[in-house]
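Below you'll find the structure, written out as structure tokens, and then a few comments.
Chain identifiers are assigned alphabetically (A, B, ...) following the order of the sequence lines, protein sequences preceding nucleic acid strands; residue numbering begins at 1 within each chain.
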Amino acid sequence: MSEINKDALISVRNLCKYFDISVAPFKTKPLKAVDGVSFDIMRGETLGLVGESGCGKTTVGRTLLNLYQPTSGEIYYDGKQIKTRKEIEEFRKKATMVFQDPYSSLNPRMTVADIIGEPLDIHKLYESKQQRQERILELMGYVGLNSEHAARYAHEFSGGQRQRIGIARSLAVNPDFIVCDEPVSALDVSIQAQVINMFDELQEKLGLTYLFIAHDLLVVRHISNRIAVMYLGKMVELAETNEIYNHPLHPYSISLLSAVPVPDPKIARANQRVMLQGDIPSPLNAPSGCPFRTRCAYATEQCALEMPEFKEAAPGHFVACHNLDKIG
Amino acid sequence: MALLEVRNLHTSFKTDAGIVNAVNGVSFNLDNGKVLGIVGESGSGKSVTAYSIMQILAPNATISQDSSIKLAGQELVGVSEKVMKTVRGNKVSIIFQDPMTSLNPTYTIGHQLIEAILLHTNRNKKQAWDRAVEMLRMVNVNEPEKRMKQYPHELSGGMRQRVVIAMALACEPDILIADEPTTALDVTIQAQILELMKSLQDELGMAIIMITHDLGVVAQMCDEVIVMYAGSICEQGTADEIFYNPQHEYTKGLLRSIPTVEAETEKKRLQPISGTPIDLLNMPKGCPFAPRCDAAMKVCIKERPENVEVNCDHRTACWMYIKNMLEKEAANDE
């Protein structure tokens with residue numbers, strides 16, 4: 001994955017984000033939250049990004065939007081590299097984010113109209129007050145809020161409605177691309193489906209492209225065209241949704257997918273789980289070579305020495321593992 | 001006789017805004033060695049039901065006096081705190097959602113485990129230490145002797161939850177209440193913990209009450225299921241009955257609204273339940289689910305449906321079911 005795909009809306013190459021963590025007075029150590037990740041997102045598709053907590057999936061989303069400055073690596077939007085301050089500003093009109101927690105991501109001192117209008121103010125996207133107001137009401141209509149909600153404050157809404165406000169805000173600049181960072185995990189089951197459907201409808205209506213970060217694998221499977229699996233800052237597998245569910249190749253993906261509790265008693269009882277031993281290592285002391293080798297049943301000496309290359313094992317199916325032939 | 005018999009449980013909280021009836025007339029049985037799942041959304045009263053059994057409610061809560069909770073024949077409603085202390089930990093234990101907050105950060109794992117054992121059994125300190133190590137080994141904690149001297153922050157989330165389980169099982173309770181035990185954990189760790197609970201149950205033969213909002217966890221773990229909404233039971237029955245033969249509109253809606261496991265050939269929409277969860281301060285007179293129910297009839301808004309038997313393994317409280325039954329009977333009579 002080196003040359004830039006012309007059809008991709010977003011291309012990421014060797015993206016790294018290290019945080020300096022102080023381990024002793026006057027001594028820091030780099031925490032490699034994201035370590036050399038490369039992927040493409042095609043126009044109009046949803047790429048699901050899954051992994052356990054601490055694997056760096058949120059950091060990928062944030063670094064992608066330059067909310068964190070990348071340590072190294074390249075980000076391309078529509079074939080053009082995003083690098084300078086000016087390019088980043090322009091990029092932010094095209095790429096926005098929906099956050100996980102609908103309680104902490106909305107300013108409690110602003111009305112709904114001001115929350116949704118803030119991106120319009122920042123990027124000066126209206127000519128008159130009238131136009132601003134109309135745009136806000138249009139956005140509220142997109143997400144199923146009434147005009148009478150405009151003057152209220154965030155605390156007057158339920159979790160599902162707040163997430164709608166957050167989505168309306170992310171749509172304000174008329175973006176092409178939205179990073180959805182666990183947008184439904186704070187919501188009740190019966191509300192989740194409403195919000196997931198809304199993401200689907202908005203994608204159809206506005207031609208949006210999503211990076212959908214989540215840990216609920218059933219939700220990700222429902223919404224994504226392709227799925228990427230991360231482990232300890234590295235991307236270990238990337239493929240079409242059905243391909244990765246039916247033929248996962250990386251041992252971590254195999255265990256992760258088999259660990260999902262299936263809401264069907266007969267399937268759940270018959271399910272042969274591939275249990276993982278132990279816990280995820282600390283990213284501060286990540287294992288050498290392949291990060292998964294400490295929990296992997298197939299690990300060999302080679303795994304400890306070098307990180308396997310992230311390469312195409314079947315058409316469109318990328319995986320980083322030394323022992324693919326043994327797993328089969 | 002069932003191990004635990006709960007009849008007509010009512011628990012309410014006095015708040016500044018008014019009285020909140022968190023649990024409204026919940027009745028169920030739990031037999032020895034069974035796993036009972038209680039599912040519902042936040043605010044449905046599933047945790048309050050469990051806390052009522054343990055009587056570890058907030059000071060502003062009251063369990064109404066006509067409620068009955070019988071543990072192996074012994075009535076628990078209205079008994080003194082002294083009696084409850086012999087029940088908690090000894091006969092009924094609980095594990096909570098967040099393993100970090102249920103362990104004391106200022107004491108070692110060993111200290112906390114031994115405290116529970118000394119309190120509930122006649123062991124001396126040395127015996128309690130040995131028992132604690134044995135318990136840690138049972139829940140597959142590696143190097144248990146070393147862990148005994150560590151503090152909670154030195155362990156990972158999954159490891160902490162194992163310690164909490166060890167603590168809850170140290171006195172071999174008859175019933176283990178697990179309140180969202182894996183919600184704070186990652187999927188692969190969740191799978192480990194659920195597997196551990198299942199194998200411990202086989203080994204020790206206790207009954208488990210599993211409180212969760214995850215229907216996947218229920219399908220994997222439970223023999224019987226209670227579906228709760230706004231403090232009442234909508235539907236209860238064996239897991240197979242609830243998943244394959246749901247009768248209540250809320251249960252049906254819940255099952256429809258989660259993504260399926262079958263491969264999706266074309267993109268289908270989920271079928272969400274409309275509206276938002278109910279405000280417990282302004283409870284409607286009729287069926288609590290009626291305002292969100294697509295099939296609601298006039299009677300649903302006026303009157304609360306009774307909990308009726310579908311078959312010997314299955315009960316539901318839904319007017320739609322009652323109506324269909326009456327129509328079927330009338331058709332048979334003709």
Exercise. Top residue by heavy-atom pair count (under 4.5 Å) with chain B, among A:Asn197, A:Ile191, A:Leu276, A:Ile196?
Worked result: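 Result: the option with the highest number of such pairs is A:Asn197.
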Exercise. In this structure, are over 12 heavy atoms from other groups packed under 6.0 Å from B:Lys198 atom NZ?
Worked result: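 Result for NZ/B:Lys198: enclosed.
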Using non-hydrogen atoms and a 4.5 Å limit, figure out which bit of [X] sits close to chain B: side chain, backbone, both or neither.
{"X": "A:Gln192", "answer": "neither"}
{"X": "A:Ile280", "answer": "neither"}
{"X": "A:Ser158", "answer": "side chain"}
{"X": "A:Leu256", "answer": "both"}

Which atoms of [X] are under 4.5 Å from chain A, going by heavy atoms: the side chain, the backbone, both sets, or neither?
{"X": "B:Ile189", "value": "both"}
{"X": "B:Val218", "value": "neither"}
{"X": "B:Tyr244", "value": "side chain"}
{"X": "B:Arg292", "value": "side chain"}

Exercise. Rounded to the nearest 0.5 Å, what separation is found between the CG atom of B:Leu185 and the NE2 atom of A:His215?
Worked result: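 Rounded to the nearest 0.5 Å, the CG-NE2 separation comes out at 10.5 Å.
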Problem set entry | Spacing of CE belonging to A:Met275 relative to CG belonging to B:Leu196, to within rounding of 0.5 Å |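 Answer rounded to 0.5 Å: 10.0 Å.
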Exercise. Under 3.5 Å, is there a donor-acceptor pair between the B:Glu41 and A:Ser190 side chains?
Worked result: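 Side chains of B:Glu41 and A:Ser190: pair found under 3.5 Å.
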